[in-house]
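None of the values given here were measured: they were computed from a predicted structure.
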Amino acid sequence: MNLKSVLQLLAILLPNATAVLAQQPERGGAAVPQWVTPAVRAPRVQYCTFDSAAAKTKVSYHIYTPELYDAEKERRFPALYWLHGGGDRGWTGIPSLASYFDAAIRAGDIPPFLVVFVNGLVRGMYCDWKDGSVPLETVIVKELIPHVDATFRTIPSREGRMIEGFSMGGYGAARLGFKYPDLFATVSILSGGPLQREFTEAPRVGPRGREQIFQQVFGGDMEYFKAQNPWALAEQNAAPLSTRSRIRLVIGDRDEMLAIVREFDAHLTRLNIPHTFTVLPGIGHNPEAVLDALGESNWEFYRAAFGSKPKGASPADSKTAMRTAAPDAANMEAAQRYSEANGGQAMVVMCDGKIIFQGYANGGAADRIQMLASGSKSFIGVAAVAAVEDRILRLDDAACEALTEWKDDPKKSRITYRQLLTLTSGLTPGERGAAVTAPAWREIVSKPMSGEPGGQFEYGAYHLNAFAAALERKLGGETFEAYLKRRILDPLEIKLEWRFRCRDGHPQVGGGAFMTARDWARFGEFMRLGGSWDGKQLIRKELLAECLQGTRQNPAYGLTWWLRKPVPDSIISRVPILQRHMGDIVKSDWLPEDLFMAAGAGKQRLYVIPSLKMVIVRQGDLRASRTFSDAQFLDRLLRGKQEEKK
């Protein structure tokens, strides 16, 4: 797509800064923030306002919604928060930018998402001003985002949000994205500034403009500027940014900010924060030229952030056609026959909270408690976020606070609870097939390291047993097993038996659980409902969403749950478990992007598909399920295909 045919006015998002400063309304020498801008008319763009307690007035914003937002009333969509550059008419570029995204979505270049055009004021700098007169950061983070999530069908989690901006907006995207990694999974910094450590120069506005901004926004206080800027925020949040965030820096080689952005790139590299840095040849400080020069790589970035979509897809594609109230009976029977022929013993399908199909074969039965194998792991992630809500621990804290024997180890002392739960801790992962007989927890904790904390994904049970040991120590007398039962299992009225235990009697949490198919389905329904059960919120939705956030080391694995996320071939090639559990799922573009699952040996499966209101359980014989294919099973169930794939 040629951006120039779509964008004609984007360059005005950052007009000459000196002119901007002159045009800013004044009252007694002080700037008057324009919290309510004029409404912009553009296809599929709405003008909205909300009452701000922080600003003590109404605040405006614009929002673009794709065509599918109207067509699929039950579907939720990710959201891009776009931050404009410094200028007195930042809103006038909205029609062109909305058309740019709309055309790409219609062409199938990118998946559908909402675009929130934030009111960043003339030179608001996307932070709270030192004198308290303009609480812009507070308005955006504490009021605008919750308001949008409550008003529109967003995906209200960090994985469902990207923050992006140009020039001053790039600076804002960097500082808000780095300060709040729990809010934004993706940060896009286009020609951002000021990204330097100290605000001693500002190439875009000159000495006079720099001084006006420095005094007005930062109170002439260099320490306040340093505390606000992305340089310091990257240092403060290096750990979560390095493992959980997708970040890009983009700038033209003719941009006055190039030298500063290069320094910032080097700073992120020194902090071991993964990111991409793109310098566009022949491009100056011009948003239209920057986006146009990015070309296909721009669409690749959005696809990686919000999930892939086949090029050329339309509202009538197979995924949309699949969104029905429940599968046909013939589809469910075909899926059951396929499962049974490949060692399947139990199959349960729930739709909108009701069991609509049960099938048992090969010795399976409705009341039979069956091995979940590594499907056991999913309970550990849920127990972890429950412990976060109960203020027992924080995911990004070092586990050595509980596992004190790790404190003096140069590597183990840096392992976080999150890294244990995402299997990226660097601890020896444990051998396959060791579910029945596992070492004692204390012995597992003493295992050597196989790599650096946060270095790479290594599948195995030892990470999770070490986490369970740490949590039990934090519980102060209550066992991990009792906590999980009290906090999750009993409220759901489900029964879990730890039949495989470690040598010291503790549950082998990486693969020792047994449960009926129907109880496992109830657990999946609890996940689909975002932590709600019988009208009570057992775990806050935003905390439970942490379980469904992949990592840089393996985008298809969250806190003990498998996700249908694109995974680079370089990761798949060195993670065999990806091929066994998720290979045919991550490559099946027709499957809903929000599908996630618990999975174990013998093709034990708990699939959860919120967009279809479905939960599916499949349990099988460990010895007879090797030929079972997730994609073929779901193909029969969701699309009714019964023929063997060639």
> Stepwise, does the side chain to side chain contact (heavy atoms under 4.5 Å, CB included) test hold for Asn298 with Val250?
Replying inline: CA-CA 10 Å; Asn298 200 35; Val250 180; over 6 Å; no

> With distance as the sole test, does Arg158 use its side chain to make a donor-acceptor pair with the main-chain N or O of Ala545 at under 3.5 Å?
Replying inline: no

> Taking the six-membered ring for Trp, are the ring centroids of Phe101 and Phe113 within less than 6.0 Å of each other?
Replying inline: yes

>> Could you tell me if Tyr171 and Gln228 have a donor-acceptor pair between their side chains, going purely by distance under 3.5 Å?
In response: no

> With a 4.5 Å limit on heavy-atom distance, are the side chains of Tyr47 and Ser60 in contact?
Replying inline: yes

> Within 45° of the axis and under 6.0 Å from the centre of the six-membered ring of Phe633, does NZ or CZ of Arg618 qualify?
Replying inline: no

> Is the closest side-chain donor-acceptor distance between Asn237 and Arg244 under 3.5 Å?
Replying inline: no

> Where do Phe50 and Val59 land on the side chain to side chain contact (heavy atoms under 4.5 Å, CB included) test, with the steps shown first?
Replying inline: CA-CA 6 Å; Phe50 64 93; Val59 175; 3.8 Å; yes

> Taking C-beta and beyond as the side chain, do Glu525 and Trp533 meet within less than 4.5 Å on heavy atoms?
Replying inline: yes

> Are any of the side-chain heavy atoms of Asn119 and Gln34 separated by less than 4.5 Å?
Replying inline: no

>> Taking ring-ring contact (aromatic ring centres under 6.0 Å, His included) as the criterion, tell me which of Tyr302, Trp82, Trp299, Tyr64 meets it with Tyr100.
In response: Trp299

> Within the side chain of His62, is there an N or O that forms a donor-acceptor pair under 3.5 Å with the backbone of Val40?
Replying inline: yes

> Is the charged tip of Arg76 near the ring of Phe306: under 6.0 Å from the six-membered ring centre and within 45° of its axis?
Replying inline: no

> Counting distance only, does the side-chain N/O of Asn229 pair as donor-acceptor with the main-chain N or O of Pro194 below 3.5 Å?
Replying inline: no

>> What's the separation between atom CG in Leu638 and atom CG in Leu595, rounded to the nearest 0.5 Å?
In response: 8.5 Å

> Which value, rounded to the nearest 0.5 Å, describes the distance between Gln537 atom CD and Leu529 atom CG?
Replying inline: 9.0 Å

> Judged by atom type as modelled, is there a donor-acceptor pair below 3.5 Å linking the side chain of Asp594 to the main-chain atoms of Ile609?
Replying inline: no

> Within the distance-only criterion (no hydrogens, no angle test), does the side chain of Glu72 pair as donor or acceptor with the backbone N or O of Glu74 below 3.5 angstrom?
Replying inline: no

> Any donor-acceptor pair under 3.5 Å linking the side chain of Asp390 with the backbone of Ile392?
Replying inline: no

>> Does either side chain, that of Tyr607 or that of Asp630, offer a donor lying less than 3.5 Å from an acceptor on the other one?
In response: yes

> Is there a donor-acceptor pair under 3.5 Å between the side chain of Arg44 and the backbone N or O of Asp102?
Replying inline: no

> Any side-chain heavy atom of Arg418 within less than 4.5 Å of one from Thr551?
Replying inline: no

> Hey, are the side chains of Leu190 and Pro287 touching, using non-hydrogen atoms and a 4.5 Å cut-off?
Replying inline: no

>> The test is side chain to side chain contact (heavy atoms under 4.5 Å, CB included); show your working for Leu121 and Tyr126 and say whether it passes.
In response: CA-CA 8 Å; Leu121 309 179; Tyr126 298 101; over 6 Å; no

Under 3.5 Å donor-acceptor pairs involving side-chain atoms of residues 142-152, not counting sequence neighbours:
from   : atom 1 : to     : atom 2 : distance (Å)
Glu143 : OE1    : Ser52  : OG     : 2.5
Glu143 : OE2    : Ala53  : N      : 2.9
Glu143 : OE2    : Ala54  : N      : 3.0
His147 : NE2    : Tyr61  : OH     : 2.8
Asp149 : OD1    : Thr154 : OG1    : 2.6
Asp149 : OD2    : Arg161 : NH2    : 2.7
Thr151 : OG1    : His147 : O      : 2.7

> Trp520 versus Val348: any side-chain heavy-atom pair under 4.5 Å?
Replying inline: no

> Which is it for Phe166 and Leu291 under the side chain to side chain contact (heavy atoms under 4.5 Å, CB included) test, yes or no, and what are the steps along the way?
Replying inline: CA-CA 10 Å; Phe166 181 85; Leu291 292 172; over 6 Å; no

> Do Met350 and Lys613 come close enough that some side-chain heavy atom pair is under 4.5 Å?
Replying inline: no

>> Whether the side chain of His84 engages the backbone of Phe117 through a donor-acceptor N/O pair (distance < 3.5 Å, no angle test) should be reported.
In response: no

> When you measure from the centre of the six-membered ring of Tyr69, is the NZ or CZ of Arg153 under 6.0 Å away and within 45° of the axis?
Replying inline: yes

> Is a side-chain donor or acceptor of Thr560 paired with a backbone partner of Lys377 at a separation under 3.5 angstrom?
Replying inline: yes

> Tell me, do Val217 and Cys127 make a side-chain contact under 4.5 Å, heavy atoms counted?
Replying inline: yes

>> Does Arg246 form a salt bridge (charged side-chain N to carboxylate O under 4.0 Å, His left out) with Glu159? I'd like the steps, not just the answer.
In response: CA-CA 10 Å; Arg246 178 180 290 103; Glu159 290 296 327; 5.5 Å; no

>> Please check this pair: side chain of Arg540 against backbone of Glu389, looking for a donor-acceptor N/O pair closer than 3.5 Å.
In response: no

>> Could you walk me through whether Phe379 and Phe523 satisfy the ring-ring contact (aromatic ring centres under 6.0 Å, His included) test, starting with their C-alpha distance in whole Å, then the side-chain angles of each, then the deciding distance to 0.1 Å, before giving a yes or no?
In response: CA-CA 9 Å; Phe379 291 95; Phe523 180 59; 4.1 Å; yes

